[in-house]
Amino acid sequence: MSKADATTRLHIPGTEIEVPADATSHCFALIDCNNFYVSCEKVFDPALRDKPVVVLSNNDGCIVARSNEAKALGVGMGEPYFKYKETIEKNHVRVFSSNYTLYGDMSSRVMSTLAGCTPQIEVYSIDEAFLNLAGCEHIHGYGSLEEFARAIRATVLQWTGIPVSVGIAGTKTLAKLANHLAKKSEKSGGVLSLVDSPYMDRALEKTPVIDIWGVGRASAEKLIKLGITNAKMLRDADSSAVKSRMGVCGLRTAAELKGLSCYDLVDEIEPRKGIISSRSFGNRVETLEALEQAVASFVCIAAEKLRDQKSAAGSISVFIHTSPFLRADRKYSNSTTMHLPQAGNDTGELIHYAHAGLRKIFREGYRYQKAGVRLDNIVPCQTVQANLFDSPNRSRRDRLLKTIDYLNAQMGSGTLKYAAQGHSQTWRTKCELRSPRYTTSWDELAVVGSS
DNA sequence: TCTGGGGTCCTAGGACCC
DNA sequence: TCTGGGGTCCTAGGACCC
C-alpha cells in the first residue's frame, strides 16, 4: 500500500523529522468520557446527580476523579485525600473507593458503542478512544463531521449513561486539544472541531503549553524559559531549540500542531512488553517474611496477566522502596532483575526467582514501604546486516547516507536510529533498526558526519 | 599519515501518558 | 498520622564481541 511506503520512508536531509506523505489527510476524533469514574458511580446511583462526588485511588490515598461540582470546590486531581478532607466533609462531598471492575465494565460498553459508529477505533485508555472519522459523515448521511459527532455523543449517553466530549482535528495532538476546549466551552455542547477551522490560531493561543498532549511539567518549564508559553508559539517555534530541549518527541508534537500527523491510529492490541504488579503498604513493613509474602501475591497477579495474554517472561524484576515522602537521608530503594534460564509463565517458578531477587536486595536495605514485581517479556529482536561499505575512502557522512539508501531498499520498512559514541579519541557510529514509528533527525547525522 | 568499524546487550534514568 | 498503579518510549553510556 502506498500509505505504508510513505510512512516508512527515511528522513530527507534538510528536514528535522520524518513525516509521512499523507500526513495532512487524516481526520481524528478523540472521545473522552467526562469525569469517567464519577460518571460510572452516578449511573448506578441517580441520587448523586448534581452532587459533588470524588473517587479515591487504591488504599484511598489520592483523589483520582471528581465531579464538576467537586472541581468547583477546588478539589485537586491526583491530590492526597487528607489534604481535602475538611473541604470534603464541610460540603458533604460523596466519597467512593475505586471499583475497577465496574469501571472496566462500563468502559467496554462505551467502547463497543463507539466501535459501532465507525470502522476504525483505537481504545487509548479506560475512558478515551481515537476514531478515524475520514469520510464517515457521508457514509452515515450527516451533513458535517460535527453533526455526526453530536450523534455519536447522544448515542453513547443514551446507551451507557456516560457523557462524553469529542474533539475533532487532523492530528491526534490537535484532536486532544480540541477535546480539551470542548470540555471547557459551554456553548460547544461537548463537540469541537478544528478541521479547516478559522479559529485554529485562537484555539492554539488559548492553550498553555502544559495542556498540550506530550508536554509534561519538565518540558513545560523549559519551554516557558524560552518564552514559549502557548501551543501556537510551540507550533511556530524554531525547530532546533525545540529539539535540544525536548528531543524528537518535541519535534513530533510541534509537527502535529502544524497539522502534520505523526501518530497514526493503532487499532491492533499488542501484547504488553512488561507487566507490573505493585502496591503501597498501608503500614511499614520491615521483615523479609512479610515482604516475601507480599511479593508472592504480586507474582500471582502478574503471572495470571502474563498467561492471559499468552506470553512468557524472560526475566523478572523485584523492587522495593521506602516512602518517597521521607527525608532524602532516610530514603532507600533497590531493585534487581533475575533472568530465567528459559522463558516461562509458571507462578511457582516465577515466585522462586522473585524471592531470590528479593533476598538479594533485602540484605542491602533496612526499611521498606513498597514492594513490587515486574515481568519482562521476550521481545523479538530485529537485526540490520553490516558490510554495507566497500569503499573506505568515502567520507563518513556520505557512507551514512548510503546506509540509509541501502536499508530503505533492503528493509522496506523500519527506520534508523543514529547516535554517536565516543570511542578512544574518535567517534563511532551506531545504527540500530527500530520499529517503523521511530525516526532519526538530521542533527544527529550532522554530528557524526562532522566529527 | 589521520588512532577501525559494526554490532549486541545491559543498565539506569528521564519524561510522558492515563 | 494519612501521598496510586500501570504503562510506553527515549537517551546515553559502558562492556563486550568479531
Side-chain angles (χ1 to χ4, degrees), chain A residues 32-33 36-37 55-65 76-85 97-98 100 103 107 123-129 172-173 176 210 212-222 245-253 263 266 270 272-284 298 301-302 305 315 317 319 323-326 333 335-337 339 369-370 372 374-376 379 381-389 392-393 396 399-400 403 417-435 437-441 444:
Chain A
D32 192 316
C33 301
F36 184 55
Y37 296 167
V55 174
L56 304 180
S57 65
N58 273 24
N59 288 337
D60 294 346
C62 289
I63 294 156
V64 293
M77 174 66 179
E79 294 284 322
Y81 175 45
F82 71 85
K83 273 196 190 170
Y84 291 93
K85 214 163 177 180
S97 294
S98 43
Y100 290 104
Y103 310 148
S107 173
V123 176
Y124 178 67
S125 75
I126 194 163
D127 69 336
E128 278 173 88
K172 283 182 162 179
T173 304
K176 270 275 192 186
I210 188 70
I212 302 168
W213 188 47
V215 178
R217 225 185 52 200
S219 300
E221 274 170 25
K222 289 179 200 161
R245 267 80 172 183
M246 296 174 66
V248 291
C249 300
L251 289 180
R252 278 186 211 132
T253 299
Y263 304 105
V266 183
E270 302 266 315
R272 304 243 168 277
K273 296 175 174 170
I275 293 169
I276 294 177
S277 173
S278 72
R279 213 66 69 203
S280 301
F281 299 129
N283 41 9
R284 204 160 261 184
F298 297 153
I301 296 166
K305 288 186 189 169
S315 64
S317 306
F319 63 86
S323 165
F325 301 99
L326 284 175
S333 70
S335 71
T336 189
T337 299
H339 295 275
Q369 284 205 322
K370 289 194 178 187
R374 199 175 98 175
L375 301 177
D376 294 318
V379 189
C381 183
Q382 295 167 303
T383 317
V384 182
Q385 278 306 308
N387 296 333
L388 302 174
F389 317 116
N393 292 330
R396 235 169 244 196
R399 282 182 283 156
L400 282 166
T403 317
K417 175 197 158 200
Y418 284 95
Q421 186 184 347
H423 179 66
S424 305
Q425 292 152 20
T426 185
W427 287 93
R428 235 176 121 188
T429 59
K430 275 178 116 178
C431 87
E432 279 171 59
L433 188 69
R434 290 285 171 98
S435 64
R437 274 223 304 289
Y438 311 140
T439 58
T440 184
S441 79
E444 287 168 336

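Just so it is clear, the model here is predicted, and its values are computed rather than measured. To find a chain, count down the sequence lines: A is the first, B the second, and so on, and within it residues start at 1.
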Engineer: What nucleic acid atoms does A/E79 come within less than 4.0 Å of, heavy atoms only: base, sugar-phosphate, or nothing?
Structural biologist: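 Result for A/E79 = nothing.
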
Engineer: Between C/dC2, B/dA15, C/dG6, which nucleotide has the shortest distance from any of its atoms to the side chain of A/K222?
Structural biologist: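 Of the candidates, B/dA15 comes closest.
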
Engineer: Can you measure from CG (A/D32) to OG (A/S125) and round to the nearest 0.5 angstrom?
Structural biologist: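 Interatomic distance, A/D32 CG to A/S125 OG, rounded to 0.5 Å: 7.0 Å.
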
Engineer: Checking contacts here: which listed nucleotide (B/dC18, B/dA15, C/dG7) is nearest the side-chain heavy atoms of A/R272?
Structural biologist: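 Closest nucleotide among those given: C/dG7.
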
Engineer: Between B/dA15, C/dT3, C/dG5, which one does the side chain of A/A218 approach most closely?
Structural biologist: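 Looking only at side-chain atoms, A/A218 lies closest to B/dA15.
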
Engineer: Report the nucleotide, chosen from C/dC2, B/dC17, C/dG5, that has the shortest atom-to-atom distance to any side-chain atom of A/W213.
Structural biologist: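 Closest of the options to the side chain of A/W213: B/dC17.
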
Engineer: Within this structure, what is the CG-to-P distance between A/L251 and B/dA15, rounded to whole angstrom?
Structural biologist: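 Whole-Å distance recorded here is 17 Å.
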
Engineer: Grab the CG-P distance between A/D127 and B/dC18 for me, whole Å please.
Structural biologist: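 Rounded to the whole Å, the gap is 9 Å.
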
Engineer: Quick one: is B/dC18 close enough that its OP1 or OP2 comes under 4.0 Å of any side-chain N or O from A/K176?
Structural biologist: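 So the side-chain polar atoms of A/K176 do come within 4.0 Å of the phosphate oxygens OP1 or OP2 of B/dC18, strictly under.
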
Engineer: How many whole angstroms separate atom CG of A/N59 from atom P of C/dG6?
Structural biologist: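 To the nearest whole Å, that distance equals 11 Å.
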
Engineer: Could you let me know what C/dA12 is paired to, Watson-Crick or G-U wobble, both distances under 3.5 Å, or none if it's on its own?
Structural biologist: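 Base partner found: B/dT11.
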
Engineer: Specify the residue among A/S277 and A/C249 whose closest nucleotide of DNA chain C lies further upstream toward the 5′ end.
Structural biologist: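 The residue closer to the strand's 5' end, by nearest nucleotide, is A/S277.
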
Engineer: What's A/I210 touching, base or sugar-phosphate or nothing? Going by heavy atoms closer than 4.0 Å.
Structural biologist: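 The residue A/I210 makes no contact with any strand.
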
Engineer: Go through C/dC2, C/dT11, C/dG6 for me and flag the one nearest to the A/F82 side chain.
Structural biologist: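 Shortest atom-to-atom distance from the side chain points to C/dC2.
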
Engineer: Nearest whole angstrom, please: distance from the C1' of C/dG7 to the CG of A/N58.
Structural biologist: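 Checked: the CG to C1' distance equals 15 Å.
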
Engineer: When rounded to the nearest 0.5 angstrom, what distance separates CD in A/E128 from NZ in A/K176?
Structural biologist: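 NZ of A/K176 is found 3.5 Å from CD of A/E128.
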
Engineer: For A/W213 and A/Y124, take the angle between the two ring planes, folded into 0 to 90°, and tell me which bin it lands in: parallel under 30, tilted 30 to 60, perpendicular over 60.
Structural biologist: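 Perpendicular, since the angle between the ring planes exceeds 60°.
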
Engineer: Measure the distance from OH on A/Y124 to C1' on B/dC16 and round it to the nearest whole Å.
Structural biologist: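 Going from A/Y124 (OH) to B/dC16 (C1'), I get 9 Å.
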
Engineer: Tell me whether the side-chain N/O atoms of A/S280 come closer than 4.0 Å to OP1 or OP2 in C/dG5.
Structural biologist: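 Answer yes for this pair, as a side-chain N or O of A/S280 is under 4.0 Å from OP1 or OP2.
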
Engineer: If I compare all heavy atoms of A/S107 with all of A/I126, which pair ends up nearest, and what's the gap?
Structural biologist: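 Shortest heavy-atom contact: OG-O, 2.7 Å.
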
Engineer: The side chain of A/S125 lies closest to which of these nucleotides: C/dG7, C/dG5, B/dC18?
Structural biologist: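 Nearest listed nucleotide: B/dC18.
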
Engineer: What interatomic distance, in whole Å, is found between C1' of B/dG4 and the corresponding atom of C/dC16?
Structural biologist: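 It comes out at 16 Å once rounded to the nearest Å.
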
Engineer: Hey, does the side chain of A/S219 come within less than 4.0 Å of B/dC16's phosphate (OP1/OP2), counting only N and O?
Structural biologist: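 Result: yes.
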
Engineer: Output the rounded distance in Å from CZ (A/R245) to P (B/dC16).
Structural biologist: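 In whole Å, B/dC16 P lies 15 Å from A/R245 CZ.
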
Engineer: Between A/V215 and A/T253, which heavy-atom pair has the shortest distance, and what is it?
Structural biologist: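 Where A/V215 meets A/T253 most closely, the heavy atoms are CG2-CG2, 4.5 Å.
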
Engineer: Counting side-chain heavy atoms from CB outward, which of C/dG6, C/dT3, B/dC18 is closest to A/C62?
Structural biologist: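 The answer is C/dT3, which lies nearest to the side chain.
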
Engineer: Starting at CD1 of A/I63 and ending at P of C/dT3, how long is that distance when rounded to a whole Å?
Structural biologist: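 Distance, rounded to whole Å: 13 Å.
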
Engineer: Side chain of A/P80 only, please: which of C/dG4, C/dT3, B/dC17 is the nearest?
Structural biologist: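 Among C/dG4, C/dT3, B/dC17, the one nearest the side chain of A/P80 is C/dT3.
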
Engineer: Choosing from C/dG7, C/dT8, C/dC10, which nucleotide comes nearest the side chain of A/K273?
Structural biologist: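 So the nucleotide nearest the side chain must be C/dT8.
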
Engineer: Using a cut-off of less than 4.0 Å, is there contact between a side-chain N or O of A/R252 and OP1 or OP2 of B/dC16?
Structural biologist: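 Negative; the distance criterion is not met.
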
Engineer: A/K85 NZ to C/dT3 P: how many Å, rounded?
Structural biologist: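 Those two atoms, NZ and P, are 12 Å apart.
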
Engineer: Quick check for you: to the nearest 0.5 Å, what is the distance between A/Y37 atom OH and A/S57 atom OG?
Structural biologist: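 Taking OH in A/Y37 and OG in A/S57, the distance rounds to 10.5 Å.
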
